[in-house]
Every structure is written in C-alpha cells, then in structure tokens.
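Accompanying notes for the structure given below.
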Amino acid sequence: MGKKHNFSAGPCILPQEVFQKSAEAILDFNGIGLSLLEISHRSKDFVAVMDEARAIVKRLMNLGDDYEVLYLGGGASLQFAMVPYNILKVGGKAAYLDTGVWAAGAIKEAKKVGDVDVVGSSKEDNYSYIPKDYKVGSEYDYFHCTSNNTIYGTQIKEFPEVDTLMVCDMSSDIFSRQLDFSKFDLIYAGAQKNMGPAGVTLVVIKKEILGKTGRENMFSILDYSQHISKESMYNTPPVFPVYATLLTLQHLENNGGIAAAEERNIAKAKLLYDTIDNHPLFETYCRDEDRSLMNVSFKLIDDSKKEEFDAAWKSAGISGLNGHRSLGGYRASIYNALPIESVQVLVDVMNSIK
C-alpha cells in the first residue's frame with residue numbers, strides 16, 4: 001500500500017525523514033547499542049537532545065535569554081490550568097478571547113483559578129469569524145487568545161495591541177508563519193500538529209513574568225519556575241516525543257525555516273481555497289478574511305453528492321478528511337509537512353464532482 005495523503009487534524013503528517021530517524025533511534029540511539037526508549041533521561045545523550053530541543057525553538061523564534069523553553073506533559077489542555085495558576089494574581093483578573101472550542105476550554109479552566117472577562121466572542125455565530133472590536137487594558141493581569149482554530153478553520157491574522165501580558169495557545173499553527181514572537185509573554189502548543197508526535201507540549205515563557213501572583217504553596221508540578229530551574233526535567237520528560245520534535249524542528253530549520261514554510265503554506269491554502277470558491281458544490285464555514293492557513297473546513301452544498309465525493313477522495317488515497325464531529329462536513333489540515341502535491345490530489349478529486 002502506498003503512502004496516504006494525510007489531511008488529519010492531529011496527530012498529523014510529519015516529514016518522512018523524521019519517521020525514518022525516529023525509527024532508527026528506537027532500535028539503536030546514537031550508535032550506543034540502546035534504544036531511545038530505554039536510556040536514562042539523565043544520560044548525556046538525552047540531555048544533549050533536550051538542550052538542543054530548547055535552543056532550536058529560540059533560534060526559530062528569534063528570542064533571547066529572557067525567554068525559557070519547556071517541554072511538558074499533559075497537552076495544551078493542562079496549560080489551560082497552568083497559565084492562570086502561574087500568572088493570574090490572587091484577586092486579579094484575566095481577559096480571554098473566545099474563538100472556538102479550545103478557547104472556551106481555556107476560559108472554563110481559568111475561571112476555576114480566578115476572575116475572567118471574555119472580551120470578545122464569536123460563539124453565537126458558530127465561531128465563524130475572529131472578533132476584532134475589543135480592547136484589553138492594564139486592569140487585566142494578562143490577555144489569552146488562541147491563534148488558530150482547527151474545527152472552524154479560522155486564524156488570527158493580526159494580533160491586538162494590549163496593555164498587559166499576551167498569552168497565546170498556538171497549538172495548531174506554531175512554526176507555520178512568521179510572527180514577532182517577542183510580542184508574546186507566554187506561548188504554548190501541543191506538539192501534535194506542526195512539531196512532532198502527541199505526548200509533549202511546548203511552553204515558551206518570558207522569565208520576568210513569573211513569581212508575581214501572590215499565590216503561596218504552589219503545587220511544584222504546576223509551577224513553571226520549578227520546571228525552569230530543572231531545565232525542563234523536573235520529572236521524567238516524554239523522551240521520544242521530545243526527540244521527534246527536535247527532528248521536526250531541525251528539518252524545518254534546514255529547509256528555509258519559518259519563512260520558507262510560510263511561503264509553502266500560503267501556496268497550498270490558495271490552491272485549495274481557490275478551488276472551493278470557484279466550485280459550485282463547495283463552500284467554507286468561516287468569513288474569508290479569517291480563513292486559516294492550516295485547517296480548511298468546508299462542506300458540500302448539495303448533500304446528494306456526499307456519497308460520490310466520499311468514495312472519490314478515499315479512492316484517491318486521501319485520509320483524515322472528515323470534519324470535526326461537532327461541525328460535520330470536511331476538514332483538510334494542511335500542516336507544514338503536507339506537500340502541495342497532496343493538496344493537488346484533493347483539488348483534482350473536488351473538480352471531478354459535477
């Protein structure tokens with residue numbers, strides 16, 4: 001069976017080179033006669049992996065020593081709780097932007113820690129756009145947003161100017177486009193989109209924002225400062241996902257970095273959106289100006305064509321095209337590692353439906 005065209009929303013496609021090198025490391029890591037899965041996380045071989053995995057993030061983001069990089073467990077969902085626990089002051093208030101299911105999840109958890117104001121929301125319109133008419137002042141301890149929404153296919157194109165700390169969940173579009181990452185005080189992202197396999201979460205944090213909540217006797221495992229002091233090894237880290245993430249980021253760096261990835265992603269998205277816009281049987285769910293470069297959610301206008309379309313894309317070797325269960329339709333996730341040739345296969349299938 002040939003390699004599928006993988007449009008899965010996550011876990012998702014990664015560079016073939018990453019699969020090959022990861023497989024080799026599982027059998028014999030660095031020629032030491034041991035599998036990556038059985039070596040100590042304190043061994044010099046893995047310490048070198050963790051050190052470079054942290055360093056390469058700062059190189060790609062062009063960040064200095066005022067930022068720290070952590071690789072943690074628990075997924076981005078754990079960060080929904082860790083963020084307010086570490087930077088929402090006792091008696092303080094945070095501002096959140098509600099742009100989808102995962103943003104709503106972050107809001108729900110933050111409210112368990114302290115006061116939260118939802119400064120903008122598109123929930124009433126089924127998250128079909130990114131709210132823009134809002135302001136965030138200095139009365140808030142931080143502002144939280146979600147850069148890309150995998151279910152609805154929306155993406156923040158311009159981040160707001162705020163008079164407080166800026167926190168962003170970049171799980172589904174991190175390293176896909178050029179940004180001024182120094183604009184953010186805390187970034188987090190589950191790895192299983194553009195970075196690596198499921199099982200590890202990236203946290204990039206400006207050190208100076210910590211230790212100011214007035215919260216005493218914090219749980220150590222939830223305290224960013226504890227993880228920083230132990231160089232992201234407060235407890236045993238997810239060894240294999242960290243290594244695979246390092247390989248993915250090295251592949252990105254060696255192939256033109258974020259700038260080149262963004263060019264490829266724009267070309268892929270244009271090809272697919274142009275096809276949807278020019279085809280009488282397909283349409284997207286969201287407003288044009290907020291369309292995601294990573295997740296193209298769309299539907300058939302004529303449901304009678306569903307059986308024909310489903311058979312056609314499956315026959316073409318396409319995988320992972322079904323939409324999220326809460327929305328339906330279809331979702332083509334076109335992350336960094338997906339080649340434009342796969343998008344062309346999908347486009348050809350769509351154009352065959354009359």
Check for a donor-acceptor pair, side chain of [X] on one end and backbone N or O of [Y] on the other, with a separation under 3.5 Å.
X    : Y    : value
T201 : G75  : yes
T164 : D141 : yes
S138 : D163 : no
K305 : I301 : no
S172 : N148 : yes
Q155 : L293 : yes
S35  : I26  : yes
S315 : A312 : no
S229 : Q226 : yes
N6   : S8   : yes

Task: Pairs satisfying salt bridge (charged side-chain N to carboxylate O under 4.0 Å, His left out), at least one member in residues 20-30, at least two apart - done: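 Pairs touching residues 20-30 that pass the test: E17-K21.
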Task: Pairs satisfying salt bridge (charged side-chain N to carboxylate O under 4.0 Å, His left out), at least one member in residues 279-300, at least two apart - done: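 Those involving residues 279-300 are K132-D290, D277-R291, E283-K299, D288-R291.
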Of all residues at least two apart in sequence or in a different chain, which pass the side-chain contact (heavy atoms from CB on, under 4.5 Å) check with [X]?
X    : answer
N351 : T275, H279, V347
P160 : Y134, F143, V162, M166
E263 : none
S333 : A9, N295, R331, Y335

Non-hydrogen atoms of [X] and [Y] that approach each other most closely:
X    : Y    : result
K157 : S292 : NZ-CA, 4.3 Å
I209 : I87  : CD1-CG2, 3.8 Å
A94  : L88  : N-CD1, 3.8 Å

Indicate every side-chain donor-acceptor pair of residues 217-225 with a distance under 3.5 Å to a residue at least two apart or in another chain.
from	atom 1	to	atom 2	distance (Å)
D223	OD1	S225	N	2.9
Y224	OH	Q79	OE1	2.6

Open item on the list: Could you walk me through whether N265 and N336 satisfy the side-chain contact (heavy atoms from CB on, under 4.5 Å) test, starting with their C-alpha distance in whole Å, then the side-chain angles of each, then the deciding distance to 0.1 Å, before giving a yes or no?
Closed with: CA-CA 7 Å; N265 291 332; N336 283 359; 2.8 Å; yes
May I ask you to check whether over 12 heavy atoms, not counting those of [X], lie within 6.0 Å of atom [atom1]?
X    : atom1 : value
K183 : NZ    : yes
E307 : CD    : no
R42  : CZ    : yes

Using only heavy-atom distances, determine whether the side chains of [X] and [Y] contain a donor-acceptor pair under 3.5 Å.
X    : Y    : result
N126 : S128 : no
S304 : D302 : yes
D173 : N194 : no

- [ ] Give the intermediate values and the outcome of side-chain contact (heavy atoms from CB on, under 4.5 Å) for residues L249 and R59.
- [x] CA-CA 10 Å; L249 296 182; R59 289 201 305 271; over 6 Å; no
Is there side-chain contact between [X] and [Y], with at least one heavy-atom pair below 4.5 Å?
X    : Y    : answer
E68  : R54  : yes
L179 : M170 : yes
D51  : V47  : yes
I228 : I205 : yes
I156 : C145 : yes
P237 : V200 : no
I258 : L60  : yes
I130 : S122 : no

Task: Qualifying ring pair (Phe, Tyr, Trp, His ring centres under 6.0 Å) pairs, either residue in residues 156-177, two or more places apart - done: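 Every ring pair (Phe, Tyr, Trp, His ring centres under 6.0 Å) pair that includes a residue of residues 156-177, provided the two are not neighbours, is F159-F184.
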TODO: Quick one: which residue pairs count as a ring pair (Phe, Tyr, Trp, His ring centres under 6.0 Å) with a foot in residues 29-88, not counting sequence neighbours?
DONE: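 Every ring pair (Phe, Tyr, Trp, His ring centres under 6.0 Å) pair that includes a residue of residues 29-88, provided the two are not neighbours, is F29-Y243.
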Cluster check [X], [Y]: I/L/V/M/F/W/Y, side chain < 4.5 angstrom:
X    : Y    : value
V242 : I39  : yes
V203 : F181 : no
I340 : V345 : yes
I13  : V296 : yes
L321 : L338 : yes

Open item on the list: Evaluate L72 against M82 for side-chain contact (heavy atoms from CB on, under 4.5 Å), listing each step before the verdict.
Closed with: CA-CA 11 Å; L72 305 178; M82 285 186 73; 4.1 Å; yes
- [ ] Kindly determine whether F7 and Y330 satisfy ring-ring contact (aromatic ring centres under 6.0 Å, His included), including the steps that lead there.
- [x] CA-CA 10 Å; F7 289 87; Y330 302 93; over 10 Å; no
Open item on the list: Check this for me, if you would: do D65 and K58 make a salt bridge, where the nitrogen-to-carboxylate-oxygen distance has to be below 4.0 angstrom?
Closed with: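 The answer is yes: the pair qualifies as a salt bridge.
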TODO: Before accepting this row, confirm whether a basic side-chain N of the pair K354/E308 lies closer than 4.0 Å to the acidic partner's carboxylate O.
DONE: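 A salt bridge is absent here (no side-chain N lies under 4.0 Å from a carboxylate O).
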Task: Pairing residues for Y129 by the ring pair (Phe, Tyr, Trp, His ring centres under 6.0 Å) criterion, not counting sequence neighbours - done: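 Expected list: none.
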- [ ] Just grab all the side-chain hydrogen bond (donor to acceptor under 3.5 Å, both in side chains) pairs involving residues 106-118, residues at least two apart or on different chains.
- [x]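 For residues 106-118, and leaving out neighbouring residues, the side-chain hydrogen bond (donor to acceptor under 3.5 Å, both in side chains) pairs sorted by first residue read E109-K112, D117-Y140.
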- [ ] Would you list the pairs meeting side-chain hydrogen bond (donor to acceptor under 3.5 Å, both in side chains) in which at least one residue belongs to residues 89-104, sequence neighbours left out?
- [x]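 Applying side-chain hydrogen bond (donor to acceptor under 3.5 Å, both in side chains) to every pair that reaches into residues 89-104, excluding sequence neighbours, yields Y96-Y142, D98-S121, D98-Y127, T99-N149, W102-T150.
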Open item on the list: Between M350 and I276, does the side-chain contact (heavy atoms from CB on, under 4.5 Å) criterion hold? Intermediate values first, please.
Closed with: CA-CA 8 Å; M350 295 171 75; I276 294 170; 3.7 Å; yes
